[in-house]
Amino acid sequence: MSARRSAMFLSAVALAAALAAPAAAPAQDEPETDAEADEEAAPAAAPAGARSATGAPPMAVPADFGGSLQVVRAPAGTAGAAAASGGGPEIFPDARRVWMSVRDTDPVPIEAARRGGRWLCSGGGCAAQTGDPGQSPIGDQILRSIKLQTPTLPLPLTVWGRLSEDGQRLLDFDPVLLGRRSYRHVCAYRPVAPVADAARFPAGAPGVAAASPRDHADRADVCRDGRPEPPPPDAGELTLGMQWPKQSEMADFHYLAIVDSCGNARVQPFQRTFTVPVLEVASGGCGRPDGKVLRVFPGGGWLRVTAFNLHEPAAGNVVNATYRVTIPPLENLVESNPARLLFPDPLADDLKVDCGPTPIAPRADPGSAPPPGSARPPGPTGPAAAPPGGRAPPRAATGQPRGGAGTPPAGARQGPTAAAPAAAPGGPRPPPQAGLAPGADPSRPGPQPLAHGAVVISPAPLRLGNCRIRLTGQTKHRLVAPLALHVSLTRTDQLRGGAPIELLQDGTWIVTPSSAEFPLPPLAEDFDGDARLRLAVYSDPLSPQGKVVLLSDAGRVASSLRSSDPGEPERARRLVGSVAIHSVPLCGEDNFETLEAAGSCFRTYLTVPAMLATLQITRAPWVEKPLVTRSVLSAVGVALAIDRYDPVERRAFPVAAQLGGFVQTLGEGRVGLLGYVGIAPTVPILGSGGNTTSFGFLAGIGLEYITNEAGPDEGLKPAAFLSAVVQVGQAAPQVSTSRSASFGTYAGD
């Protein structure tokens, strides 16, 4: 019994001694090479914020770097930088071929160490552990989301990262049709060693930091950015949302280096969750590396993410750790219902309505042709070179081309330019005015934008179906898939069931690369020559016929597009452009005008005046004594009236000129036939619009022939009169004719 107690006492003493003894540092002479063993049992690491130089004890829970490409460890007890010498591992792989930009931290120590200056491992005492070079689930989980940001989006839009029903991340939208942001202002450090094309990047070139000799590596220059270019509204910036592996977050790192497969690197301060801007190369290869921005591809790819230190070891002596991150494809060519393409929202002047008395020849809109020198956008667009002596259209401000890094890709073709007509035998012929079809009159009104304003359209084009909506602008040339829009034309001055009357039975508009016009059908039912209409164009993101979603709709309909029950397409529509239409007969031969330019018209019409009371002088005062006659309902006549009428406001000038005559009873058996020129009011007392029934005074002068039943005729005499009259007339012309005044029609000034 005593022997057993002695054994138990000795065991307790041995256990206490083992617990009191300091833990041995992990062996560095024999680094682990088995990736699976490394994932299962990683070396112990110090807690976050602890340094080996301070002698802090290691933490109980070690950082796990399983699934990494490489882990570099410094010798135990390393403090400060070692003497400058070669042979140490690089901060991240291929430093002699990688262009690097440093963001939000001091770039000098990072670039100095990259050139061979003093840093923690420059003395050669660090050991690198190589992991699995292939794809690893831990590395792929670093990428959490891909978002898109444009100047017109209030919040970034997630294009990849939303979880499906089975837990898989999905590509919601393909951003290939968008423009891209320019990164020309970013300053980058060239590779450490000279490259084959070093002559093309001389020291001091814009956006490239000068390379210092290797013996002056510690005196690296500060790389300063230039002035950024203002991004156009359709410029999209892709951002990768990333998260450092949770199992290795306790390691104390200072920097992050993200390297793409094209030789570009971005270095920034270490954070567990961080974002990285990237550029999607829609066509071609990597292009020329410049370090300004990382490249990703529609078909997918990969990045290397390295967390590292320079002058102090991390917990557990870890200097850097590198993971391989898979970038998913940004296009979906496998599913039967692939992700829809994102497309910029039309500008205020891109949607236009055009009308004419006869079918209109398509106009060449100056904003619809890409500027010379720009890259050809995706889609079946055929270039047309200008002949000798032709004049190219003016250059317009556009975003950066999609291929390459800030420069057009090799072999990019220029967009179509305006071709000048062939020179006449007698001399050169001046080129036509930009934006007009051949033979078009520049003084005539042109297409009017659907910018929520108002226009005036004569009834004839609407009745004949000679009006259409056109989508113009440079972004239209990028459209390589159907874009679904919805067109509504309602009459607002009359209601049916308490709601405006819809005049279009089918307003579906599918915009394709070869067809960007929507003809308005002939209007007959529920339409007359004097109406108020509202023409509106809506986006239709849930339409099964469309494969393109406008940017402003993407955030609202993302979940509906992926749902098995997408919901009602009508509720997902959004107003894109509208215009209020005043359908009235216009002055002259114009078919439509803006509301401000419509103005008023001279109109001529017949009216029948009936005299209620007349004060009239029928004798020449210089020959005989004047005769003043007072009579009630003593005369009736007919006159041709001319006044000025505003068809939009439906209001005439209050006074009209008249040329006419009437028959009157003068009493004592006398009858007068009076021809006169006078003025009369036009304020209607019944109806509106073309109704001219009015009450007022008629004043005029003229000649009157008086006959007498009881005696001799008095003959032809001058006359002046002032009468209280009621006039009944109607001026409701149905067509506009020439600019000269004509009976029953409006005429121009």
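Side-chain atoms are counted along with the backbone in the values below, which use heavy atoms only and exclude waters and symmetry mates.
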Open item on the list: Test your reading of the model: is there a side-chain donor-acceptor pair from Asp260 to the backbone of Arg295, 3.5 Å cut-off?
Closed with: yes

Task: Residue pair Leu342, Leu157: steps toward the side chain to side chain contact (heavy atoms under 4.5 Å, CB included) verdict - done: CA-CA 11 Å; Leu342 289 177; Leu157 172 68; 3.9 Å; yes

TODO: Check Thr306 against Phe308 and note the closest heavy-atom contact, atom names and distance.
DONE: O-CD2, 3.9 Å

Open item on the list: Return the OG to CE distance between Ser145 and Met242, rounded to the nearest 0.5 Å.
Closed with: 10.0 Å

TODO: Evaluate the side-chain proximity of Leu120 to His311: yes if any heavy-atom separation is below 4.5 Å, no if none is.
DONE: no

- [ ] Please lay out, stage by stage, how Gln141 and Gln243 fare under the test side chain to side chain contact (heavy atoms under 4.5 Å, CB included).
- [x] CA-CA 8 Å; Gln141 290 177 1; Gln243 185 177 34; over 6 Å; no

Open item on the list: Any side-chain to backbone donor/acceptor pair from Asp104 onto Gln268? Under 3.5 Å, distance only.
Closed with: no

Task: Pairwise side-chain contact, Val186 with Val293, heavy-atom cut-off 4.5 Å (strictly under) - done: no

Open item on the list: Please report the interatomic distance CZ(Arg266) to CZ(Arg103), rounded to the nearest 0.5 Å.
Closed with: 6.0 Å

Open item on the list: With rounding to the nearest 0.5 angstrom, report the CD1 to CH2 distance, Ile327 to Trp302.
Closed with: 10.5 Å

Task: Min side-chain heavy-atom separation Arg169-Leu143 under 4.5 Å - done: no

Open item on the list: Side chains of Thr322 and Val259, heavy atoms from C-beta outward: is any pair under 4.5 Å?
Closed with: no

Task: Thr150 side chain reached by Pro233 side chain, heavy atoms, under 4.5 Å - done: no

Task: Salt bridge flag under 4.0 Å for residues Lys547 and Asp174 - done: no

Task: Nearest-0.5 Å distance that lies between atom CD in Glu111 and atom CZ in Arg190 - done: 10.5 Å

Task: Donor on one side chain, acceptor on other, Thr326 and Asp140, under 3.5 Å - done: yes

TODO: Output yes when a side-chain donor or acceptor of Ser248 lies under 3.5 Å from a complementary backbone atom of Phe65, and no otherwise.
DONE: no

- [ ] Check whether any side-chain N or O of Asp172 sits under 3.5 Å from a backbone N or O of Val159 as a donor-acceptor pair, and report yes or no.
- [x] no

Task: Check: Gln129 and Val318 side chains under 4.5 Å, non-hydrogen atoms - done: no

Open item on the list: Tyr323: which residues meet the ring pair (Phe, Tyr, Trp, His ring centres under 6.0 Å) condition with it, sequence neighbours left out?
Closed with: Trp244

Open item on the list: Would the distance check show the side chain of Arg574 and the main-chain N or O of Ala572 forming a donor-acceptor pair, the cut-off being under 3.5 Å?
Closed with: no

Open item on the list: Using modelled atom types and a 3.5 Å cut-off, is there a donor and acceptor pairing between side-chain atoms of Asp345 and backbone atoms of Ser552?
Closed with: yes

Task: Nearest atoms (heavy-atom pairs only) where Trp160 meets Leu171 - done: CD1-N, 3.7 Å

- [ ] Go through the steps for Leu178 and Leu551 under the test side chain to side chain contact (heavy atoms under 4.5 Å, CB included), then give the verdict.
- [x] CA-CA 9 Å; Leu178 297 180; Leu551 272 176; 4.0 Å; yes

- [ ] Could you tell me which non-hydrogen atom of Val192 sits nearest to which non-hydrogen atom of Arg115, and how far apart they are?
- [x] CG1-CA, 4.0 Å

Task: Minimum heavy-atom distance between Cys187 and Asp225, given as atom pair plus value - done: N-OD1, 2.8 Å

Task: Gap separating the NZ atom of Lys147 from the CG atom of Leu240, nearest 0.5 angstrom - done: 11.5 Å

- [ ] Give a yes or no on whether the backbone of Ala558 and the side-chain of Arg162 come within a donor-acceptor separation of less than 3.5 Å.
- [x] no

- [ ] Answer yes when Arg184 and Asp290 have at least one side-chain N-carboxylate O distance shorter than 4.0 Å, and no when they do not.
- [x] no

Task: Under 3.5 Å donor-acceptor, Tyr189 side chain and Cys223 backbone - done: yes

TODO: Report the residue from Thr239, Ile146, Leu294 that forms a side chain to side chain contact (heavy atoms under 4.5 Å, CB included) with Val278.
DONE: Leu294

Task: Any side-chain heavy-atom pair of Leu310 and His254 under 4.5 Å - done: no

- [ ] Please name the pair of heavy atoms, one in Arg478 and one in Pro344, separated by the smallest distance, quoted to 0.1 Å.
- [x] NH1-CG, 3.9 Å

Open item on the list: Could you walk me through whether Glu280 and Arg180 satisfy the side chain to side chain contact (heavy atoms under 4.5 Å, CB included) test, starting with their C-alpha distance in whole Å, then the side-chain angles of each, then the deciding distance to 0.1 Å, before giving a yes or no?
Closed with: CA-CA 8 Å; Glu280 181 186 6; Arg180 65 170 194 178; over 6 Å; no

Open item on the list: Measuring only between side-chain heavy atoms, which start at C-beta, is Val176 closer than 4.5 Å to Glu331?
Closed with: no

Open item on the list: Please find the pair of heavy atoms, one from Gly139 and one from Val325, that lie closest to each other, and give the distance.
Closed with: O-CG2, 3.4 Å

TODO: Give, for atom CZ of Arg562 and atom CG of Leu170, the distance between the pair rounded to the nearest 0.5 Å.
DONE: 5.0 Å

